[in-house]
Novice: 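This is the structure I want to talk about, given as structure tokens.
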Protein chains: 2
Amino acid sequence: MESRRDVFQAIADPTRRAIIMLLAVSAMTPNGLAEHFNSSRQAVSKHLQILTECEVVSPESRGREIFYHINTQKMTEIEKWLEQFKLLMSRKFDQLDNVLNKLQNRKQ
Amino acid sequence: MESRRDVFQAIADPTRRAIIMLLAVSAMTPNGLAEHFNSSRQAVSKHLQILTECEVVSPESRGREIFYHINTQKMTEIEKWLEQFKLLMSRKFDQLDNVLNKLQNRKQ
DNA sequence: CAATTGTGCAACCAAATAATTGCATTATAT
DNA sequence: ATATAATGCAATTATTTGGTTGCACAATTG
């Protein structure tokens with residue numbers, strides 16, 4: 001539970017993805033979240049720790065409860081990466097188009 | 001190297017993300033890919049195996065070489081999940097809006 | 001003040017991961 | 001036919017992961 005700590009690592013685990021979805025609807029406490037899963041409260045707490053470390057989530061203390069909120073901003077990193085990917089893909093098709101155009105020009 | 005085999009697991013590893021980006025530009029062989037990394041060819045081959053298993057990539061044999069292509073379709077699963085997430089987030093704001101509207105109506 | 005509640009943290013453990021090295025196999029080239 | 005190149009597969013290993021239990025500690029309740 002130490003090293004690689006980024007958004008992609010954060011969403012790799014299905015339980016963490018479920019936590020993210022729940023928190024997207026409303027901020028919740030570890031106990032509140034744990035009710036939705038089979039694993040123990042401490043297990044959920046560990047996931048929250050990981051999510052906090054990569055800033056996907058941030059804790060807000062209210063009395064003895066801690067509400068965890070989604071950090072939307074961090075989630076956009078995934079989107080950025082996907083955009084980059086799609087850009088590279090589209091360029092590939094552009095190059096293919098160029099090849100096809102040249103072939104067509106030769107035929108003319 | 002057995003169990004969880006989905007797109008999110010696929011993009012969790014930074015080397016695999018790099019491989020995906022390279023293949024987004026053009027199909028490549030394991031040897032060709034390995035030149036871009038410090039790790040051994042076999043290590044890259046294992047990543048390709050994982051990427052193949054979750055259908056992010058597919059192999060095309062040409063003589064003794066194997067060209068790996070990106071399977072764009074599978075990448076959209078990530079996008080779908082992100083869309084779902086953003087939908088939940090927007091609904092949260094809608095609910096907040098509703099609350100604010102009701103408060104405003106009371107003041108009227 | 002004592003009991004309870006909500007939480008984090010440490011120690012521990014089984015399983016999975018990423019990487020290595022050493023082969024076996026197939027296709028090409030000489 | 002033999003050498004070489006491109007690749008996959010198996011065994012091994014260190015590290016990381018995800019989970020558990022048991023505890024400590026602060027806030028709340030009675």
Side-chain angles (χ1 to χ4, degrees), chain A residues 1-23 26-71 78, chain B residues 1-23 26-71 78:
Chain A
M1 295 239 327
E2 281 298 339
S3 57
R4 238 139 68 279
R5 242 352 80 96
D6 57 32
V7 204
F8 299 98
Q9 189 69 14
I11 63 165
D13 183 81
T15 304
R16 279 198 294 270
R17 284 201 300 279
I19 290 176
I20 288 172
M21 286 307 196
L22 285 169
L23 295 187
S26 68
M28 294 177 77
T29 66
N31 266 333
L33 281 166
E35 287 172 14
H36 292 74
F37 301 98
N38 293 330
S39 50
S40 69
R41 175 192 60 80
Q42 285 94 332
V44 173
S45 226
K46 272 201 177 182
H47 284 305
L48 286 171
Q49 193 184 326
I50 292 171
L51 290 171
T52 304
E53 277 179 43
C54 39
E55 295 172 297
V56 168
V57 137
S58 48
E60 180 212 355
S61 292
R62 277 173 57 181
R64 66 181 160 189
E65 289 179 314
I66 301 178
F67 285 84
Y68 283 86
H69 301 259
I70 280 286
N71 195 353
I78 307 165
Chain B
M1 295 239 328
E2 279 299 339
S3 56
R4 235 141 70 278
R5 251 336 88 96
D6 56 32
V7 204
F8 299 97
Q9 189 68 14
I11 63 165
D13 184 82
T15 303
R16 277 195 297 267
R17 284 202 299 281
I19 290 176
I20 288 172
M21 286 305 197
L22 285 169
L23 296 187
S26 68
M28 294 177 76
T29 66
N31 267 333
L33 280 167
E35 286 172 14
H36 291 76
F37 302 98
N38 293 328
S39 50
S40 69
R41 175 192 62 79
Q42 285 94 332
V44 173
S45 226
K46 275 201 174 181
H47 284 304
L48 286 171
Q49 193 184 324
I50 292 172
L51 290 171
T52 305
E53 277 178 41
C54 38
E55 295 172 297
V56 168
V57 138
S58 48
E60 181 213 355
S61 292
R62 277 174 57 181
R64 66 180 161 186
E65 288 176 314
I66 301 179
F67 285 84
Y68 284 85
H69 300 260
I70 281 284
N71 195 353
I78 307 165

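A note on names: the letters A, B, ... follow the listed sequences, proteins ahead of strands, and every chain is numbered from 1.
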Novice: How many whole angstroms separate atom CG of B:Asn31 from atom P of D:dT4?
Specialist: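 Distance check: B:Asn31 CG to D:dT4 P gives 17 Å.
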
Novice: Calculate the interatomic distance between A:Asp13 atom CG and D:dT16 atom C1'; express it in whole Å.
Specialist: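 Going from CG in A:Asp13 over to C1' in D:dT16 covers 13 Å.
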
Novice: So how far is it from B:His47 NE2 to B:Ile19 CD1, rounded to the nearest 0.5 Å?
Specialist: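 B:His47 atom NE2 to B:Ile19 atom CD1 measures 6.0 Å (nearest 0.5 Å).
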
Novice: Report the distance from atom CD of B:Glu53 to atom P of C:dA18, rounded to the nearest whole Å.
Specialist: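 Answer to the nearest Å: 12 Å.
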
Novice: Give, for atom CZ of B:Arg5 and atom CG of B:Leu51, the distance between the pair rounded to the nearest 0.5 Å.
Specialist: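 Rounded to the nearest 0.5 Å, the CZ-CG separation comes out at 9.5 Å.
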
Novice: Rounded to whole Å, how long is the line connecting atom CD1 of B:Ile50 with atom P of D:dC9?
Specialist: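 Whole-Å distance recorded here is 13 Å.
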
Novice: Whether B:His47 contacts C:dT17 is assessed here as follows: a side-chain N or O lying under 4.0 Å from the phosphate OP1 or OP2. Is that the case?
Specialist: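 For C:dT17, neither OP1 nor OP2 has a side-chain N or O of B:His47 closer than 4.0 Å.
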
Novice: Between C:dT17 atom P and B:Asp6 atom CG, what is the distance in whole Å?
Specialist: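 Interatomic distance, CG of B:Asp6 to P of C:dT17: 10 Å.
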
Novice: In Å and rounded to the nearest 0.5 Å, what is the CD1 to CZ distance from A:Ile78 to B:Phe8?
Specialist: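 Nearest 0.5 Å value for the CD1-CZ distance: 8.5 Å.
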
Novice: Which comes earlier along DNA chain D counting from the 5' end, the contact point of A:Arg16 or that of B:Phe67, where each point is its nearest nucleotide?
Specialist: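 Counting from the 5' end, the first nearest nucleotide belongs to B:Phe67.
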
Novice: Rounded at 0.5 Å granularity, tell me how far CZ in B:Phe67 sits from CG in B:Leu33.
Specialist: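 If we round to the nearest 0.5 Å, B:Phe67:CZ and B:Leu33:CG are 10.5 Å apart.
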
Novice: Would you please test B:Thr29 and B:Ile66 for side-chain contact (heavy atoms from CB on, under 4.5 Å) and show each step?
Specialist: CA-CA 5 Å; B:Thr29 66; B:Ile66 301 179; over 6 Å; no

Novice: Where the side chain of B:Ile66 is concerned, which of D:dT7, C:dA19, D:dG18 is the nearest nucleotide?
Specialist: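 The answer is D:dT7, which lies nearest to the side chain.
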
Novice: So, taking the atom named CD1 in B:Ile11 and the one named CD1 in A:Ile11, what distance separates them when rounded to the nearest 0.5 Å?
Specialist: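 B:Ile11 CD1 to A:Ile11 CD1: 4.5 Å, rounded to 0.5 Å.
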
Novice: Distances under 3.5 Å only, N/O to N/O: pair up the protein atoms with those of nucleotides 20-24 of chain D.
Specialist:
{"unit_1": "D:dT20", "atom_1": "OP2", "unit_2": "A:Ser40", "atom_2": "N", "d": "2.9"}
{"unit_1": "D:dT20", "atom_1": "OP2", "unit_2": "A:Ser40", "atom_2": "OG", "d": "2.8"}
{"unit_1": "D:dG22", "atom_1": "O6", "unit_2": "A:Gln42", "atom_2": "NE2", "d": "2.9"}

Novice: If I compare all heavy atoms of B:Leu23 with all of B:Met28, which pair ends up nearest, and what's the gap?
Specialist: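 Nearest pair, atom of B:Leu23 first, then B:Met28: CD2-N, 3.6 Å.
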
Novice: What is the separation between atom CD on A:Glu65 and atom P on C:dT4, rounded to the nearest whole Å?
Specialist: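 Answer to the nearest Å: 19 Å.
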
Novice: Would you kindly give the CZ-to-P distance between B:Arg17 and C:dT17, to the nearest whole Å?
Specialist: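 In whole Å, C:dT17 P and B:Arg17 CZ are 16 Å from each other.
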
Novice: Give every pair of a protein N or O atom and an N or O atom of nucleotides 25-30 of chain D that lie under 3.5 Å apart, one pair per line with the distance.
Specialist:
{"unit_1": "D:dA27", "atom_1": "O3'", "unit_2": "A:Arg64", "atom_2": "N", "d": "3.4"}
{"unit_1": "D:dA27", "atom_1": "N3", "unit_2": "A:Arg64", "atom_2": "NH1", "d": "3.1"}

Novice: With the side chain of B:Ser45 defined as its heavy atoms from C-beta on, choose the nearest nucleotide among D:dT17, C:dT7, D:dG8.
Specialist: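 So the nucleotide nearest the side chain must be D:dG8.
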
Novice: Does the distance from a Lys or Arg side-chain N to an Asp or Glu carboxylate O, for B:Asp6 and A:Arg17, drop under 4.0 Å?
Specialist: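 A:Arg17 and B:Asp6: salt-bridged.
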
Novice: What nucleotide, of D:dT7, D:dT17, C:dA19, holds the atom closest to the side chain of B:Thr15?
Specialist: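 Closest nucleotide among those given: C:dA19.
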
Novice: To the nearest Å, give me how far apart CD (A:Gln9) and C1' (D:dT15) are.
Specialist: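 After rounding, the gap between these two atoms is 13 Å.
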
Novice: OP1 or OP2 of C:dT7 sitting under 4.0 Å from any side-chain N/O of A:Tyr68?
Specialist: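 Result: no.
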
Novice: Taking C-beta and beyond as the side chain, do A:Val44 and A:Tyr68 meet within less than 4.5 Å on heavy atoms?
Specialist: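 No, too far: nothing below the 4.5 Å cut-off.
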
